[in-house]
Number of protein chains: 2
Amino acid sequence: MKDERLNRSVATKITQLIDEGIFPSGSRLPGERDLAEQFGVSRATIREAEITLQALGRLKIKTGSGVYVMKASDAKYGGIPAASAFELTQARLLFESEAAALAASVIGKEALDHLEYLVEKMALSSGDEADAADREFHLTVAAASENTVVRYIIETLWKIRNESGAVKDVYDSECEKYTAQRGDEHAEILDALRKHDSAAARTAMRNHFGRLMEAMLEVSEEQTYNEMRKKSVETRERFLKSV
Amino acid sequence: MKDERLNRSVATKITQLIDEGIFPSGSRLPGERDLAEQFGVSRATIREAEITLQALGRLKIKTGSGVYVMKASDAKYGGIPAASAFELTQARLLFESEAAALAASVIGKEALDHLEYLVEKMALSSGDEADAADREFHLTVAAASENTVVRYIIETLWKIRNESGAVKDVYDSECEKYTAQRGDEHAEILDALRKHDSAAARTAMRNHFGRLMEAMLEVSEEQTYNEMRKKSVETRERFLKSV
DNA sequence: ATACGGCATTGGTCATACCAAATAACACGA
DNA sequence: TCGTGTTATTTGGTATGACCAATGCCGTAT
């Protein structure tokens, strides 16, 4: 540990204690005053260390209550916003459609061939492999726009998907079901790009995400239904218990 | 900004100053003692805010020297790519137009009032002040979309502008000349949003950036005059084809 | 012109005090 | 007995003020 600054070394020490299980995930660690005494440093230093770890997503500081070890599942990515699957899909619908429209006017043979290969690959594979091909398909379209910023933004959108555990789960469950349909939609997009038809490419991409959103809404309704059902069962049990 | 903890709100304020270009990338910001006085808080609070931003990769603290704004290229996830002013403007044209269209359907009175205030402010002020109002106008529209991801993307686009010296220069020189026109364009956008007319909002925003791109291309042509003129025309065709 | 050394600046740490939020403890009334 | 509202304690949040250590500037001496 060659951390010169004390607050740094304290931060790494606390990190070690967490990793070693001394401070279990979700548990509350000693108060700042206690820790200061144990580590033999001032309370200010302890605070700075804890604040660092909070910014890194390892700790959660609750005013008046204490500081807790962040559960791994809740880990948040620095700078990436907490987004729902709906929000992300809506944003992708808007932005990727425009990216596709832009790409249609300038896309070259090389990119088109690669997209064709990816569409085939998606049809023949499944699971993670198909997912990777899907991702590459969209990124290839974005790259074909020949606009660095556009490509960067689309990449960022994908990053948001992967960094958000909740969003990823929803997407995964959706993709499983509609594999065939997804293939058709990608083929449609590819066709429009081949014809250098911007309007058609935009429409095809919008349809692609539009259908995904509808599917998600259905699931949402299903979940709502299940929750209501569960709640009614609970109510019923409570009622029976009191009788 | 409803960060209840002071150190948090200070951190976000500093972040804003960085994003707005007041603390340029790579520059050194005032000493902790000065900042404490400026913000009207204690030095400890300033330290905690700076430590947070350091952990997030936005600042670099050097003992005995000062604290510096982290260059974007050193940022965590793949740095902002070298983008030209053309690319950025084109991306903004595509994406901000869609954001405006989305916002039109759900924008509320509060946001509309704020936008009106900003349009007036832009008309009455100039230079940095007008620039800040311009930025806030676009970010307010994005926020009005009520989609976290959309807002985040628009913010990212603005960040790219500030972190790319070349792009910033081009924009500044353009904005100087077309102050009046810019006001009209913003007013048009605001009108469309008031009527909750998505299509009109999209069109108004596209015109806004479309005119900006043409202005930039004109300057580009002037500058490169003879030989580069041909290339300029090609670029122009390529960028405007999709519009 | 260069190398050395002192000095001002700036971050790093400590100690103490007080405030506000969250929580635990307790006394009270239905 | 069971809430329930009040009080006391714990815990984080902020403010001061002091001193240390690294850095960088600048004037001096070689």
Side-chain angles (χ1 to χ4, degrees), chain A residues 1-15 17-18 22-71 74 76 238 241-243, chain B residues 1-15 17-18 22-24 26-71 74:
Chain A
M1 255 180 275
K2 293 173 62 181
D3 293 317
E4 246 196 272
R5 292 161 291 248
L6 241 189
N7 65 57
R8 275 292 183 198
S9 74
V10 169
T12 63
K13 279 181 188 171
I14 293 178
T15 301
L17 292 176
I18 293 174
I22 314 267
F23 293 151
S25 180
S27 71
R28 172 174 167 269
L29 43 78
E32 297 178 346
R33 295 166 178 82
D34 291 337
L35 281 178
E37 195 176 359
Q38 287 180 222
F39 282 102
V41 299
S42 78
R43 195 185 149 207
T45 302
I46 294 290
R47 293 206 85 241
E48 292 178 351
E50 287 182 345
I51 285 177
T52 299
L53 294 180
Q54 184 191 37
L56 294 177
R58 307 245 9 185
L59 294 180
K60 172 70 180 175
I61 301 178
K62 293 176 136 184
T63 304
S65 174
V67 7
Y68 301 80
V69 179
M70 191 75 105
K71 281 169 291 186
D74 297 339
K76 50 182 167 181
R238 212 178 309 140
K241 198 181 288 179
S242 66
V243 174
Chain B
M1 312 163 221
K2 291 216 164 185
D3 297 313
E4 68 294 332
R5 289 166 292 251
L6 241 190
N7 66 57
R8 274 292 181 192
S9 73
V10 169
T12 64
K13 278 181 189 170
I14 293 178
T15 302
L17 292 177
I18 293 174
I22 313 258
F23 293 153
S27 71
R28 175 177 162 257
L29 42 77
E32 297 177 346
R33 295 165 178 84
D34 291 335
L35 281 179
E37 195 176 358
Q38 288 182 32
F39 281 103
V41 299
S42 77
R43 197 184 147 207
T45 301
I46 293 289
R47 279 188 59 74
E48 293 177 352
E50 287 182 346
I51 285 177
T52 299
L53 294 180
Q54 185 191 38
L56 294 178
R58 308 252 353 183
L59 294 181
K60 173 68 180 176
I61 301 178
K62 290 183 165 182
T63 304
S65 174
V67 6
Y68 302 80
V69 178
M70 193 74 108
K71 279 171 291 189
D74 300 338

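Letters A, B, ... mirror the listed sequences (proteins, then strands); counts begin at 1. Heavy-atom basis, side chains included; hydrogens, waters and symmetry copies ignored.
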In whole Å, I'd like the distance from the [atom1] atom of [X] to the [atom2] atom of [N].
X     : N      : atom1 : atom2 : result
A:L59 : D:dG13 : CG    : P     : 12 Å
A:I46 : D:dT11 : CD1   : P     : 14 Å
A:L35 : D:dG13 : CG    : P     : 13 Å

Inset, instruction - Report yes if some heavy atom in the side chain of B:R8 is under 4.5 Å from a heavy atom in the side chain of B:T52; otherwise report no. - result: yes
Inset, instruction - Starting from the C-alpha separation in whole Å, work towards a yes-or-no answer on side chain to side chain contact (heavy atoms under 4.5 Å, CB included) for A:L29 and A:L17. - result: CA-CA 10 Å; A:L29 43 78; A:L17 292 176; over 6 Å; no
Legend entry - B:R47 side-chain N/O to A:E48 backbone N/O, donor-acceptor pair under 3.5 Å: no
Legend entry - B:G66 versus B:R28, closest heavy-atom pair with distance: CA-NE, 3.7 Å
Legend entry - Sole candidate of A:I46, A:T45, A:I51 that passes side-chain contact (heavy atoms from CB on, under 4.5 Å) when paired with A:N7: A:T45
Inset, instruction - Scan nucleotides 3-17 of chain C nucleotide by nucleotide, 5' to 3', and note B when protein non-hydrogen atoms come under 4.0 Å of the base, S if they reach only the sugar-phosphate, - if neither. - result: -------BBBBB--B
